[in-house]
Amino acid sequence: TLDRTAPRPRCPRCRKAATMCYCALVPRLETATRVVILQHTRERDVAIGTARMASLALPQAELHVGVRWDERPAVVQALTDPARPAILLYPGPGAIDILTAPPTGPVTLVVVDGTWSQARRVVRDNPILQALPRYGFAAPEPSRYRIRREPDAAYCSTIEALMHVLGALEG
């Protein structure tokens, strides 16, 4: 008989149930761009989130979970590295279109992962993020992520945003 009270075995890498592990299907993409994903705490265990997938596909990516970043040494170090100046991927007034005017030279791409309201609060409540040059883009195609619905047809998931932006930054 099956013991339905016992926890299912989980993959330690993707954190999915072992029977749903997708690790063997995730491509590994080497990038010159340093990617720092700041994931809202509430998104960490969301089964349909794409930040973990993105971090697994990008070996140089860093995935940090939380909501306050000013006192996290690893995050502060990444965001203040003069060799790879940090830029924030977040739309809004004053954001430069990264697809048509990408920064020159190596950068640290900072991506906030969460619902739109969570991301808005994270950016608003973290002066270290507010101080970064802000970039955005208009998605060149509608989102293909069908598991979660975006609040606007022009929005896309974290992993799709990274695909578009890394394409612009690295050709």
Side-chain angles (χ1 to χ4, degrees), residues 26-40 43-44 46 48-70 72 74-171:
V26 176
R28 291 180 58 85
L29 306 170
E30 300 292 334
T31 62
T33 303
R34 181 181 189 176
V35 177
V36 176
I37 303 169
L38 303 178
Q39 186 178 53
H40 191 281
E43 287 293 300
R44 180 180 190 168
V46 172
I48 56 177
T50 62
R52 178 156 296 281
M53 274 185 230
S55 71
L56 295 175
L58 302 168
Q60 293 87 0
E62 299 174 28
L63 176 62
H64 301 277
V65 179
V67 291
R68 299 279 182 183
W69 306 107
D70 294 35
R72 302 274 298 270
V75 174
V76 171
Q77 180 181 7
L79 273 54
T80 58
D81 180 359
R84 291 175 184 238
I87 61 170
L88 177 64
L89 182 62
Y90 189 80
I96 301 163
D97 186 334
I98 200 163
L99 300 184
T100 60
T104 57
V107 296
T108 297
L109 177 64
V110 180
V111 180
V112 179
D113 177 69
T115 65
W116 283 100
S117 63
Q118 290 168 347
R120 187 172 25 260
R121 283 192 301 272
V122 165
V123 172
R124 180 196 66 205
D125 296 344
N126 284 277
I128 196 169
L129 297 180
Q130 292 175 14
L132 298 177
R134 188 179 289 193
Y135 286 81
F137 68 95
E141 61 188 37
S143 174
R144 294 183 186 174
Y145 188 61
R146 301 285 182 245
I147 298 172
R148 257 187 181 171
R149 188 171 180 180
E150 296 295 343
D152 186 288
Y155 296 175
C156 58
S157 68
T158 300
I159 201 165
E160 290 172 312
L162 282 165
M163 175 193 69
H164 293 304
V165 171
L166 288 172
L169 292 175
E170 305 209 0

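These values consider heavy atoms only, across backbone and side chains, with no hydrogens, waters or symmetry-generated copies.
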Can you tell me if Arg72 uses its side chain to pair, donor with acceptor, with the backbone of Val65 under 3.5 Å?
yes
Decide yes or no on side chain to side chain contact (heavy atoms under 4.5 Å, CB included) for Ile98 and Ile87, but give the supporting numbers first.
CA-CA 10 Å; Ile98 200 163; Ile87 61 170; 3.8 Å; yes
On a heavy-atom basis, which atom in Gln39 and which in Leu63 lie closest, and how many Å separate them?
CB-CD1, 3.9 Å
Nearest atoms (heavy-atom pairs only) where Ala32 meets Glu170
N-OE2, 2.9 Å
Angle between ring planes, Trp116 versus Tyr90, binned at 30° and 60°: parallel, tilted or perpendicular?
tilted
Is there a side-chain contact between Thr33 and Val107, using heavy atoms and a 4.5 Å cut-off?
yes
Look up atom CE in Met53 and atom OG1 in Thr158, then write down how far apart they are to the nearest 0.5 Å.
10.5 Å
Should Val112 and Gln118 count as side-chain neighbours, where that means a heavy-atom distance under 4.5 Å?
no
Quick one: are Asp70 and Val76 in side-chain contact, heavy atoms under 4.5 Å?
no
Flag side-chain contact, heavy atom, 4.5 Å: Pro102 against Val165:
no
Heavy atoms of Val123 and Leu129 approach each other most closely as CA-CD1, 4.3 Å
Here the pair of heavy atoms bringing Pro82 nearest to Pro85 is O-CD, 3.8 Å
4.5 Å side-chain heavy-atom contact, Leu162 and Leu109
yes
Atom pair CG (Leu89) and OH (Tyr135), whose distance is rounded to the nearest 0.5 Å:
11.0 Å
Return the CG to NE2 distance between Leu99 and His164, rounded to the nearest 0.5 Å.
8.0 Å
Identify the heavy atoms of Asp125 and Arg68 that sit nearest to each other, and give their distance.
O-NH1, 2.9 Å
About how many Å separate CE of Met163 and CG of Leu58, when rounded to the nearest 0.5 Å?
12.0 Å
Is there a side-chain contact between Pro59 and Glu30 (heavy atoms, below 4.5 Å)?
yes
Can you sort out the partners of Arg84 under salt bridge (charged side-chain N to carboxylate O under 4.0 Å, His left out), two or more places apart, ordered by chain and number?
none
Would the distance check show the side chain of Asp81 and the main-chain N or O of Ala86 forming a donor-acceptor pair, the cut-off being under 3.5 Å?
no
Taking all non-hydrogen atoms of both residues into account, name the closest pair between His64 and Ala74 and its distance.
CE1-CB, 3.9 Å
With rounding to the nearest 0.5 Å, note down the distance linking CG in Leu79 to CG in Leu88.
8.5 Å
Decide yes or no for Leu166 and Val35: does some side-chain heavy atom of the first lie under 4.5 Å from some side-chain heavy atom of the second?
yes
Straight-line distance of Glu62 CD to Ile37 CD1, nearest 0.5 Å:
9.5 Å
Within a reach of under 6.0 Å around CZ of Arg28, are more than 12 heavy atoms found that belong to other residues, nucleotides or ligands?
no
Show your reasoning for whether side chain to side chain contact (heavy atoms under 4.5 Å, CB included) applies to Val75 and Ile128.
CA-CA 10 Å; Val75 174; Ile128 196 169; 5.7 Å; no
